[in-house]
Student: 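Input: one structure, supplied below.
Each chain gets a letter, A, B and so on, in the order its sequence line appears, and its residues count up from 1. These figures come from a predicted structure and were not determined experimentally.
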Amino acid sequence: MIHYFLKRVISLLPVWIGITIFAFFLGLVSPGDPVYLSLTRDGITEPSEAMVNAKRAELGLDLPYHIQYVNWINRVIRGDFGKSIYDNEEIKAEMLRRMPVTLKLAFSAFVITVVAGLGIGAVMAATRDTILDRFLRQLCTLMVSIPGFCMAIILIAIFSECFHLLPTSGMEGVKSFIMPSLVLSMGTIGTSARLSRSNFIGEISKQYVLVASAKGMSKSFIGTWHIFKNAMIPIITFFGLYFAGILGGSAVIESIFALPGMGSYVIDAIYNRDYFIIQAFVLLTGTIYVLSNLLIDMLYFLINPRMKQGDSL
Amino acid sequence: MHYDIQMADVTIEFALKSKRVSAVDQVNVTFKAGKITGVIGETGSGKSVLGMSILQLLPKQACISGTCFFGHKDLYALDAESMRKIRGQEIGLIVQNPNEALNPVRTIGRQLMEPLIKHFDVSRTEARKTVEAHLRCFGFEMPKKVMQQYTFQMSGGMNQRLIAIMGLICHPSWLIADEPTKGLDAILRRSIYDVFWEIRQHYTQSMIVITHDLFFAKKLCEQIVVMYQGEIVEIGEAKKVLTTPLHPYTKGLLMATPKAGMTPIPDHLNPSHESRCKFYSRCQFASAKCKVQFVELREIDPDTMVRCILYD
Ligand code: SF4
């Protein structure tokens, strides 16, 4: 177990380093000079050459890129993302304030994806080729093809405008997360349901299912204790990928529903060319992604006895 | 109480997209309790379909007509729950391909214990004890360890024995074995023979063994049913059928064994549409009589039946 864990950590380390490099250079290549922008944020000051150079030196932006990168990594590892160029606020404090919102949103969307995806997939497999199965299949296609913002508008129209059940924007507790997480999970529910369906159906025709029925086990027992675990193994890997998609998609959804998460923060930052924030966001979401992948890998290891066998060898 | 399994007018068809394919055609046969009956025939002769139909384990597309009485119950007419109670508890199944027959991610112990718990409502401890005893009986020296392992950690021979235990763990009065020697090498074939001998000695003598392995059938079975294209063409005592066969097809099967020089049954000797006999196109004994007469399964003596006009 520990052996496998270390192996995974080592193999994910280059990915994480790649993300840091990417996050860093994203800042460098984005248009606009952050030094100039930060000095002119009040809209009146026209900084002199000397002021620009002094500020540049203060931020360490006059150094060669690789040294800037090392300095940045050094700070970032200690949790110091610098200050917003735009309003001079600590990025770390702001991120910490906003991270729970994004994580809550992403996790609830992820849980909905897993539960609904597997559930709908299982129902489709069990009622294979009936009207219900066909209807759900169409529904899945629909869910995959409607863009998130479009779905958001439809849901707002129904639940906020028509029935006044849910808030359209802002934070009002759990209620505020219902629509955003639904919208965020919708596409992945569609794909994961179809994936689960084909996996479940693939398992139903395996011989161990026949053997279990021949022993006199009931359908529900076979479904829960035999088929489910087998079908899960290939699906788990995909859920890891879906989580990344959900995390990325949350930025847009947060903006639509005006949720004060990391996503809406970074979108504002993009408008303001506040590139330290963008760097921090890319790095943080990248790190969360790597960690969740590690978690999925470990889950995969736990559920699949063949892995343990390979590990002990 | 050991009942016979009596099949009457059994016809099984598969409804495929464009057409219906007949797998079993008007079969009448009684499998006698206390006897090992071998059902032999080529692949596609309908012998496996016939065997699986007894436990209602055919795919959804199968349409069954006729009756299959087990005591006073018609197995074909049973609802799902009553059928479930028969499976494993009264009629057990030993499947082919032992390496793929067990759930790869469920421990062997759990898979062996679950039918005991389901059928007899025993505690886990009791179930575990029973399983351990059976494992020991079938040559596993460390049953506790085996129970915690998975099928992929077992050898082919071990999986074979596990599959056999799986079929008989609840001590059913009947066992159906579907091609137990299919795809196995000579050593494994010998070991499976020992397994069946063990079952016969200690568990049950009422068995239906579906096989294309004539050597295996000859060693194990007392009665033989020969199937060709969904029909029974010969029924008789095993020794008689496999040494002095009556039907031209059975003769051909015996000629095709390695011992007899592997002479294959010829094909396309006669245009098949000319006769009602399904074997006509491949039959070396076919005559003008075969074209006109209706060929039925006929009793030769109380134990023997054959479907061929040569014996009218
Ligand atoms: S009935 Fe005629 S064709 Fe058919 S098996 Fe007998 S001899 Fe051959």
Student: Give a yes or no on this: more than 12 heavy atoms of other residues, nucleotides or ligands lie within 6.0 Å of atom CZ of A/Phe238.
Tutor: no

Student: Step through the shown structure and confirm whether more than 12 heavy atoms of other residues, nucleotides or ligands are within 6.0 Å of CZ on B/Phe120.
Tutor: yes

Student: How close do A/Tyr208 and B/Pro104 get, heavy atom to heavy atom, and via which atoms?
Tutor: CD2-CD, 4.0 Å

Student: For the interface with chain A, which of B/Lys60, B/His119, B/Glu114, B/Lys85 has the highest count of heavy-atom pairs at distances below 4.5 Å?
Tutor: B/Glu114

Student: More than 12 foreign heavy atoms under 6.0 Å from CE of A/Met298: is that the case here?
Tutor: yes

Student: With a 4.5 angstrom heavy-atom cut-off, which part of B/Lys118 approaches chain A: side chain, backbone, both or neither?
Tutor: side chain

Student: Does atom CG of A/Leu6 have more than 12 heavy-atom neighbours from other groups under 6.0 Å away?
Tutor: yes

Student: Need one label for B/Met52: side chain, backbone, both or neither, based on atoms under 4.5 Å from any heavy atom in chain A.
Tutor: side chain

Student: Heavy-atom count check: over 12 atoms from other residues, nucleotides or ligands less than 6.0 Å from B/Glu141 CD?
Tutor: no

Student: Pick one of side chain, backbone, both or neither for B/Gln96, based on which atoms fall under 4.5 Å of a heavy atom in chain A.
Tutor: both

Student: Sort B/Gln111 into side chain, backbone, both or neither according to what part of it lies under 4.5 angstrom from a heavy atom of chain A.
Tutor: both

Student: Could you grab the distance from atom NZ of A/Lys206 to atom CG of B/Leu102, nearest 0.5 Å is fine?
Tutor: 13.5 Å

Student: Using modelled atom types only, decide if a donor and an acceptor are shared between the side chain of A/Lys215 and the backbone of B/Ile169 within a distance under 3.5 Å.
Tutor: no

Student: Among B/Asn97, B/Ile94, B/Val95, B/Val105, which residue forms the greatest number of heavy-atom pairs with chain A at distances under 4.5 Å?
Tutor: B/Val105

Student: For chain B, which candidate among A/Ser218, A/Ala212, A/Ser205 shows the most heavy-atom pairs at distances under 4.5 Å?
Tutor: A/Ser218

Student: Among B/Gly88, B/Pro172, B/Ala101, which residue forms the greatest number of heavy-atom pairs with chain A at distances under 4.5 Å?
Tutor: B/Ala101

Student: Is the CZ atom of A/Phe107 crowded by more than 12 outside heavy atoms at less than 6.0 Å?
Tutor: no

Student: When rounded to the nearest 0.5 angstrom, what distance separates CD in A/Gln207 from CD1 in B/Ile163?
Tutor: 7.0 Å

Student: Calculate, to the nearest 0.5 Å, the distance between atoms CZ and CD belonging to A/Arg306 and B/Gln153 respectively.
Tutor: 11.0 Å

Student: Got a second to check how far B/Asn103's CG is from A/Glu203's CD, nearest 0.5 Å?
Tutor: 8.0 Å

Student: Mark yes when over 12 heavy atoms from residues, nucleotides or ligands other than B/Lys129 sit less than 6.0 Å from its NZ; otherwise mark no.
Tutor: no

Student: Could you give the distance from CG (A/Leu210) to CG (B/Leu57), rounded to the nearest 0.5 Å?
Tutor: 5.0 Å

Student: Can you tell me which of B/Glu100, B/Gln89, B/Arg106, B/Arg110 forms the most heavy-atom pairs within a distance under 4.5 Å of chain A?
Tutor: B/Arg106

